[in-house]
Amino acid sequence: MKYNFNDIEKKWQDYWAKNETFKASNNSDKPKYYVLDMFPYPSGAGLHVGHPLGYIASDIYARYKRHKGFNVLHPQGYDSFGLPAEQYAIQTGQHPAVTTEANIATYRRQLDQIGFSFDWSREVRTSNPEYYKWTQWIFIQLFESWYNYDSNKAEHIDTLIKMFEAEGNANVNAACDDDINPFTAEEWNAFSETEKQDILLKYRLTYLAETEVNWCPVLGTVLANDEIVNGVSERGGYPVIRKKMTQWSMRISAYAERLLQGLDTIDWTDALKDIQKNWIGKSVGASVTFNVKDYDATIEVFTTRPDTIFGVSFMTLAPEHELVSQITTDEQKAEVEAYIEATAKRSERDRMADVKTISGVFTGAYAEHPFTKEPIPIWIGDYVLASYGTGAVMAVPCGDQRDFDFAKHFNIPIPNIFEGVDISEEAFASKDNVKIANSDFLDGMNYKKATKRAIFELEQIGQGEGKTNYRLRDAVFSRQRYWGEPFPVYYKDGMPQMIDEKHLPLTLPEVEKYLPTEEGEPPLGRADVWAWDTNTNTVCHSELVSESKGIYPLELNTMPGWAGSSWYFFRYMEEQANREEAFATEDALKYWENVDLYIGGSEHATGHLLYSRFWVKFLYDRGFVGVDEPFKKLINQGMILGESAYLKRVGVNLTFSGTEEIFANKIEATVGYGALKSLTKDEKEKLRKLQEKYSFIKEYFLDEDLLKHFKRDKNEDEKSKEIRDKFVDIALKNLNDELKEIGVYDKVRVSFTPLINNFNFYKTHVPIEFVNLKNELDEEALKKSNLGYENATFLTEKNEKFVVSREVEKMSKSKYNVVNPDDIVADYGADSLRLYEMFLGPLEQYKPWNTAGITGVHGFLKKLWKLYNDDNGSKVTDAEPTKDNLKTLHKTIKKVEEDIENFSFNTSVSTFMIAVNELTAQKCTSKEILEPLLVLVSPYAPHIAEELWEQLGHNESISTAPFPKFEEKHLVESSKNYPISFNGKMRFTLELPLDMSKDEIEKTVLAHEKTQEQLQGRTPKKVIVVPGKIVNIVG
RNA sequence: GCUGAAGUGGUGGAAUUGGUAGACACGUUGGACUUAAAAUCCAAUGGCCAUUAUGGCCGUGCGGGUUCAAGUCCCGCCUUCAGUACCA
């Protein structure tokens, strides 16, 4: 019998689907275990071999846990709102829902053929109304909540209103906007409804605010910070500018401290925790209030070094600081305004790129030192950011390098407040091993003591207090897109109103086009039927909007991608049948609690993984869920990289430059014929055609061996000269003739640089399917490929096959290095794919994909098959296992179990190989050995395991079989092959009984003839004997 | 700059608390089977030197150190990758 993997895999995938083998139950005597993957965005490109890596790992773990007797929840779904479907809709007019549906079908087919043990009955799709109904519901709960720092949790807004009614806001300790004025209970009760709502909005956990946002004009939308990479949009790489807009925001900053503290309670890698810690960016220090001299104003600053307060010699405000215009003196006004204008023009990116230039302007105003009462000049400078802290700093040049540089640059005094430290060259920024001097009551104290004392003294005079600052900003929650969750919000008197929960979901309206409107409104502005009728509580035609009739406009923005993904893990807990009444019932939430194991990419560290934790903490505060962290254990799988193939093409850019006239004007004319102003239109056109004609040179490709001849030095290699001459022949000579023919020979200088000085070579990716395992290019196939290689010439050193160069990089369509799992499954089977992805290396690591290597694991599966079958069918017998058989089996059980617990899947694959190699050599046919072996293999290669399991006479799925029990007794050895080393170097080995005493070992080893040979008559100084491990002889 | 991770054969990677470095694979070379190819099986495979089996020297990014013994621990560097950045 042959190992016919295609049939076997199909058979068992159908079996699992039909029997709902992996359906989880919300009611079980077994302990629960929840294994979750980060759900995919179903993109049009489908899966490549990198995508399933994490799914395979989690599937192995889920199957292992089932064998270990757990009730496992292992669901899958789709994060199906998102930009690509919308982009596609804009281009083609195809409704994103249609595209998404089609993509999901592809994904599902691809996932199914890999044999995952997902419980598909619990599938979720974030773009389904029955799902986003609850995303909208959570949004409403956030709107109806505020954060009370006294109870340190989110509370219903009613508790806040009660406080306002009883005593105003004086004693309210809340996370809120910073522009709130104090009011009394009487004042509150006298406010109009709109005034009240306006104030409450400043306290709500989701609020409308005019915020400076990252606006991407090409995409027509706002982007979150983590959607921007290197100043351009993560998707598409389009430029991003700063713009003020009214947007919904999430008050995640209220949770900064709890998000930080919570990290200590969860089992994530330190690397990932560090990323979140840095992102939250806690710094402890003090806020200090400086009075402005001769002006009724104060400047508040945040500092982490209140101990250096006597070292302050100036203050710097951000150019955008609100006080700047008020305090600037008349003499300085012009200069300050010019500076502000100049900085406003510079983009955030320019400011970031250019950190070395020191710039700033004196405002003419002075602040007063809180203790010495000395005047302190107030400057503005763009190194101070309006968005961090208070947008103002107290500058201590002796203790901060930026302040130091600023002071040096503008000749501001640099008082030294550190005992015995030289600050003539640079600031002393360390907190350690130094005492404060020249600082009145702080003299002689260290950092810790001085900080405490300074804060105490500031509090005494009412000009400061201890304070903690966080870098974490509130998250903008509005997107100007179509394909996202609509906000359940309408506007009455300009104030946002929530649609009552019982009328949810508010479903996406139809639009004609998926672009912003001509007026710049988001795509929903195009919807005809997009107004809220409060009489019927239904959506109605937008033209009917009338305040008097109770019909109001609906919100035009939609929610960002992270809205739906911030709570989906709770939705899986509930079975399809009970999803109507709640996002998940109390019973389901209580049973499954939170995710025990979460596997996904680390690129979500500051996005999804932070926002989810925030929403879960909120839901916990409000009593909707019973846990305050969503993911107990988290593992980041590394990326699988592609091995791109590329050719080096002769780089020529035929450019024409220089008449005397142009040179005289010192115009650099190297960018093609267009720069040549003295030519007539006709001549230019002729040159352009010429340029096109000669672009055929670009169709010459040289292999690596040939390229080695081209060295960047003067001593020309024979071979490179030969090739160069060839190109000069076919190009340059003729070219000059042609230029004469056109009649521009005197006006134009040909710049065919690569031919005259040195060749340049450019990388061009070629599809990896045109390259074989020896990196040889299939030239004919490439020429026929429609990729523009019809006339290509491939030059090689030895007139052999053209060999391409390789490079490991991220898999992407544009690099033609994508490997499709469908092909792998067809050629080698899903079990081979699963094993190979694990065998590649440690899960967390980045590693290159190389299809050639899969023959190793495929061969292993064939050997495994042959262990159970020969040409006549099953060869498994009831024979008593030998000692060696048992030893191999139990060694394998032990190792595999340890490996799975440690997520070291690569090493367990090699353990299987060793086991099968050993059992084959032992000619083992014993059922007692081969049966448990299948259970070990089954999480990794479930199809073959099921098939062989069935052959052994079982009629239930192997997934129900218990994991074999490891028994130490089979591994007990009576002897050990000791390595005998001399001065730490192993020279030979010696088989000795394990129960031999230390002294006896020493005696036996020393008496051995090889030992004597090594010692050559010397007496050993020392003999180290570690029983069961090693013998080392020193001397 | 700061924070974190990682550097081991031609390649992917093993090596539990310091105890035989290179497991398991890929690739390569040689051989068997075959008209041939594929498949399968066998053998060799870190480098250098020597060879009759036995052997010897070097070797885990670099330079030091601790130890009977270091890929592993300590100190100082270098390189790569990731996150973050005028964060006061």
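Here the structure is a predicted model, which is why all the values come from computation and not from measurement.
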Report yes if at least one side-chain N or O of [X] is closer than 4.0 Å to OP1 or OP2 of [N]; otherwise report no.
{"X": "A:Arg471", "N": "B:A85", "value": "yes"}
{"X": "A:Lys985", "N": "B:C58", "value": "yes"}
{"X": "A:Arg402", "N": "B:C87", "value": "yes"}
{"X": "A:Lys847", "N": "B:G12", "value": "no"}

Base paired to [N] (Watson-Crick or G-U; both N/O distances under 3.5 angstrom):
{"N": "B:G55", "value": "B:C49"}
{"N": "B:C87", "value": "none"}
{"N": "B:A36", "value": "none"}
{"N": "B:G30", "value": "B:C42"}
{"N": "B:A14", "value": "none"}
{"N": "B:G22", "value": "none"}
{"N": "B:G76", "value": "B:C62"}
{"N": "B:A82", "value": "B:U3"}

Candidate nucleotides [options], ranked by approach to the side chain of [X] - the nearest:
{"X": "A:Met986", "options": "B:A39, B:U20, B:A88", "value": "B:U20"}
{"X": "A:Lys863", "options": "B:C41, B:A21, B:A88", "value": "B:C41"}
{"X": "A:Thr304", "options": "B:G27, B:C24, B:A88", "value": "B:A88"}
{"X": "A:Asp274", "options": "B:G4, B:C57, B:A88", "value": "B:G4"}
{"X": "A:Thr303", "options": "B:A88, B:U20, B:U40", "value": "B:A88"}
{"X": "A:Ile1030", "options": "B:G19, B:C26, B:C87", "value": "B:G19"}
{"X": "A:Val393", "options": "B:U40, B:A88, B:U20", "value": "B:A88"}
{"X": "A:Pro842", "options": "B:A14, B:G27, B:G56", "value": "B:A14"}

Can you tell if the side chain of [X] reaches within under 4.5 Å of the side chain of [Y], non-hydrogen atoms only?
{"X": "A:Arg987", "Y": "A:Ile980", "result": "no"}
{"X": "A:His321", "Y": "A:Ile380", "result": "no"}
{"X": "A:Pro319", "Y": "A:Tyr339", "result": "yes"}

Select base, sugar-phosphate, or nothing to describe what [X] touches, counting heavy atoms under 4.0 Å on all strands.
{"X": "A:Asn1032", "answer": "base"}
{"X": "A:Asp403", "answer": "nothing"}
{"X": "A:Val1034", "answer": "sugar-phosphate"}
{"X": "A:Thr316", "answer": "nothing"}
{"X": "A:Gln845", "answer": "sugar-phosphate"}

Practice prompt. Could you check which residues of residues 896-915 of chain A get a heavy atom under 4.0 Å from RNA chain B? Sort them by number, please.
Written response: A:Asn906, A:Thr907, A:Ser910, A:Met913, A:Ile914

Practice prompt. Decide if atom NZ of A:Lys1003 counts as having more than 12 heavy atoms of other residues, nucleotides or ligands within a radius under 6.0 Å.
Written response: no

Practice prompt. Check the pair A:Asp403, A:Tyr383 against side-chain hydrogen bond (donor to acceptor under 3.5 Å, both in side chains), reporting the backbone distance first and the verdict last.
Written response: CA-CA 10 Å; A:Asp403 295 346; A:Tyr383 78 97; 2.9 Å; yes

Worksheet item: More 5' along RNA chain B: A:Met394 or A:Tyr846, using each one's nearest nucleotide?
Response: A:Tyr846

Practice prompt. For A:Ala271 and for A:Val857, find the nucleotide of RNA chain B with the closest heavy atom, then tell me which residue's nucleotide is more 5'.
Written response: A:Ala271

Can you measure [X] atom [atom1] to [N] atom [atom2] for me and round it to whole angstrom units?
{"X": "A:Leu835", "N": "B:A25", "atom1": "CG", "atom2": "C1'", "value": "12 Å"}
{"X": "A:Asn983", "N": "B:C58", "atom1": "CG", "atom2": "P", "value": "12 Å"}
{"X": "A:Ile380", "N": "B:A88", "atom1": "CD1", "atom2": "P", "value": "22 Å"}
{"X": "A:Gln401", "N": "B:A88", "atom1": "CD", "atom2": "C1'", "value": "14 Å"}
{"X": "A:Asp827", "N": "B:A38", "atom1": "CG", "atom2": "C1'", "value": "14 Å"}
{"X": "A:Glu603", "N": "B:A5", "atom1": "CD", "atom2": "P", "value": "19 Å"}
{"X": "A:Lys277", "N": "B:U84", "atom1": "NZ", "atom2": "P", "value": "17 Å"}
{"X": "A:Lys408", "N": "B:C86", "atom1": "NZ", "atom2": "C1'", "value": "19 Å"}

Say we look at [N] and [M]: how far apart would their [atom1] atoms be, to the nearest angstrom?
{"N": "B:A70", "M": "B:C58", "atom1": "P", "result": "13 Å"}
{"N": "B:C73", "M": "B:C68", "atom1": "C1'", "result": "16 Å"}
{"N": "B:G7", "M": "B:G13", "atom1": "P", "result": "10 Å"}
{"N": "B:A6", "M": "B:U60", "atom1": "C1'", "result": "14 Å"}
{"N": "B:U35", "M": "B:G46", "atom1": "C1'", "result": "40 Å"}
{"N": "B:G71", "M": "B:G18", "atom1": "P", "result": "13 Å"}

Worksheet item: How would you label the glycosidic angle of B:G9: syn (within 90° of 0) or anti?
Response: syn

Discussion item. Can you classify the ring geometry of A:Phe839 versus A:Tyr836 as parallel (below 30°), tilted (30 to 60°) or perpendicular (above 60°)?
Written reply: tilted

Fill in: Cation-pi geometry met for A:Arg613 and A:Trp279 (6.0 Å, 45°)
no

Response to the item:
Closest non-hydrogen atoms of A:Ala286 and A:Ile455, given as atom of the first, atom of the second and distance, are CB-CG1, 3.9 Å

Discussion item. Is a donor from one side chain sitting under 3.5 angstrom from an acceptor on the other, for A:Ser283 and A:Tyr388?
Written reply: yes

Practice prompt. Go through the structure and list residues passing side-chain contact (heavy atoms from CB on, under 4.5 Å) with A:Asp823, not counting sequence neighbours.
Written response: A:Asn820

Worksheet item: Side-chain donor or acceptor of A:Lys1029 under 3.5 Å from a matching atom on the base of B:U17?
Response: yes

Worksheet entry | From CA spacing to verdict: side-chain hydrogen bond (donor to acceptor under 3.5 Å, both in side chains), A:Thr390, A:Glu300 | CA-CA 7 Å; A:Thr390 60; A:Glu300 207 186 307; over 6 Å; no

